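Small disclaimer: the values here were computed from a predicted structure and weren't measured. Just the heavy atoms: all of them, side chains too, but no hydrogens, waters or symmetry mates, feed the values below. In the text below, chain A, chain B and the rest are named by the order of the sequence lines, each starting its count at 1.
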Number of protein chains: 2
Amino acid sequence: MRNDTQASTKDQILDIAESHFATFGFAGTSLRGIIKEANVNVASVAYHFGSKDDLFAAVMQRFAAPVVEAQLNRLSSEMSQPNITLEKILRAFYEPPIQLVHSLGAKGEKLSLFLGRCHSEPEPIFSLVDSHFASCRNRFIDAFKALEPDKTESVYHWRFEFMLSLIVNFLTRHKNIMQRYQTSTDWNANDVVDMLCQFCLNGMSAQQIKK
Amino acid sequence: MRNDTQASTKDQILDIAESHFATFGFAGTSLRGIIKEANVNVASVAYHFGSKDDLFAAVMQRFAAPVVEAQLNRLSSEMSQPNITLEKILRAFYEPPIQLVHSLGAKGEKLSLFLGRCHSEPEPIFSLVDSHFASCRNRFIDAFKALEPDKTESVYHWRFEFMLSLIVNFLTRHKNIMQRYQTSTDWNANDVVDMLCQFCLNGMSAQQIKK
DNA sequence: GTCTATAATTCGATAGAC
DNA sequence: GTCTATCGAATTATAGAC
């Protein structure tokens, strides 16, 4: 059926796999469904990736890891400047995924769903996902701590979680949400980043957690 | 194996089904796993509930519907008072699920996971879940609108989504989160409600979305 | 690297005795 | 209402020819 180069078979599988994992979740995705839509044969998944778990890990590595890398690079860049602010930290977190997803069009919508939904996967996928985002979480929590060192430890953790939950919700549901109040589902990346930052920044201001 | 009354067979299945759906997601849950842990036979699920979809719907109805009902009753009560504020609306949304989950102990932890994770289920479960929460969403969006009628339509929708995303994240991940900064995973319901309300209230203040 | 064929499980659902 | 037995379909994974 297919006679392209070997690279495109692997990429074809990754593309469709991301789409299926995003749409149906890990457990709801079948390798047969992927290979059928990708026009490759059953054994090619095992040959190129291994098991279903391995394929998911490959999708994570290929599509999600660059996002984390961009966030961390951006954060490092901001933290090396003298006039660091909370808003700059938030923008370092929000801008890379939002702008990447938006710039990719229809493919970005799939990536968006994948990035959002992978955070609520049951075990053992949860641990795999967490291992990809642990360094990101730790670095941003450290940034919150460095900026305002006098808060309770729990404050920094919940700041990260609230910051994360807003974008997870956006990535997973923005299409459904926008359909409720407007006919188009088009959106502007800068406006979304502003909206997330604004809400999160205000939410974090004067935030204090009882012991 | 079992010789209780018929009511407890049904309840037993519901309890274990909630736990499995919460832990493994809908697609990752098997009826065989449920009936094994519930010590009932395979056919009893079909007899009492019907299909796997029907069982999920029954769990939603039994465990999630009362939460929505409590939220709406609370909101109606608040809205009938003359001195309604944004914070009172937020507390009407957050307090019923948080306090119920907390009051149920280990069973509440399962309910918490179920309530959180059901919001990110793929289709066709998403539509079922959404049908249970649509009235809640509409009523709270109306409340935001009634309180501050001069904002853009999208503002009300994103307010609800942000408010929702904070509690979904809490319900799904609080155990993991707390393990990162303290040894115990015990928590105080009032403190959590305060934390969610405070963040969300500040986030909504001065919130404005570009057209 | 690609493909067919199939092994080995597991699943949801149901028939039918008690 | 309960239970055993089982059907038919779907799954992951792999063996082996080309």
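- At whole-Å resolution of the value, CG in A:Asn41 and C1' in D:dA17 are 13 Å apart.
- Pairs passing the salt bridge (charged side-chain N to carboxylate O under 4.0 Å, His left out) check and including a residue from residues 53-65 of chain A, sequence neighbours excluded, read A:Asp11-A:Arg62.
- A heavy atom lying under 4.0 Å from DNA chain C marks the following residues of residues 23-33 of chain B, by number: B:Thr29, B:Ser30, B:Leu31, B:Arg32.
- The separation between B:Gln12 atom CD and D:dG1 atom P is 16 Å, rounded to whole Å.
- For DNA chain C, none of the residues of residues 50-62 of chain A falls under the heavy-atom distance limit of 4.0 Å.
- Protein atom CD1 of B:Ile13 is 11 Å distant from nucleotide atom C1' of D:dT2, rounded to whole Å.
- Looking at residues two or more places apart in sequence or on another chain, you find no salt bridge (charged side-chain N to carboxylate O under 4.0 Å, His left out) involving A:Arg32.
- A donor-acceptor pair under 3.5 Å is formed between the side chain of B:Tyr94 and the backbone N or O of B:Met163.
- A search for side-chain hydrogen bond (donor to acceptor under 3.5 Å, both in side chains) contacts involving B:Ser103 returns nothing, not counting sequence neighbours.
- A:Glu78 has a carboxylate O that lies under 4.0 Å from a charged side-chain N of A:Arg74, or vice versa, which qualifies the two as a salt bridge.
- In the set D:dT2, D:dA13, C:dC3, the nucleotide with an atom closest to the side chain of B:Thr9 is D:dT2.
- When rounded to the nearest whole Å, the span between NE2 of B:His48 and C1' of C:dA13 equals 16 Å.
- Of all nucleotides listed (D:dT2, C:dT14, C:dA5), C:dA5 comes nearest to the side chain of A:Val42.
- Rounded to whole angstrom, the span from the CD1 atom of A:Ile35 across to the C1' atom of C:dA5 amounts to 13 Å.
- Put simply, NZ on B:Lys10 is 11 Å from P on D:dT2, counting in whole angstrom units.
- Comparing C:dT2, D:dT14, C:dA15 by their closest approach to the side chain of B:Ala43 singles out C:dA15.
- Every side chain to side chain contact (heavy atoms under 4.5 Å, CB included) that A:Leu111 has, sequence neighbours left out, goes to A:Glu18, A:Phe63, A:Leu100, A:Val101, A:Leu104, A:Leu115.
- The interatomic distance linking B:Tyr47 (OH) with D:dG1 (C1') rounds to 5 Å, in whole Å.
- Every residue two or more places apart in sequence or in another chain that forms a side chain to side chain contact (heavy atoms under 4.5 Å, CB included) with A:His119 is listed here: A:Val129, A:Phe133, A:Leu164, A:Val168, B:Arg173.
- Remark: A:Glu69 pairs with no residue by the salt bridge (charged side-chain N to carboxylate O under 4.0 Å, His left out) rule, at least two apart or across chains.
- In this structure, the CZ atom of B:Phe49 is 16 Å from the P atom of C:dT14, given to the nearest Å.
- B:Arg137 is linked by a side-chain hydrogen bond (donor to acceptor under 3.5 Å, both in side chains) to B:Asp130, counting only residues two or more places apart in sequence or in another chain.
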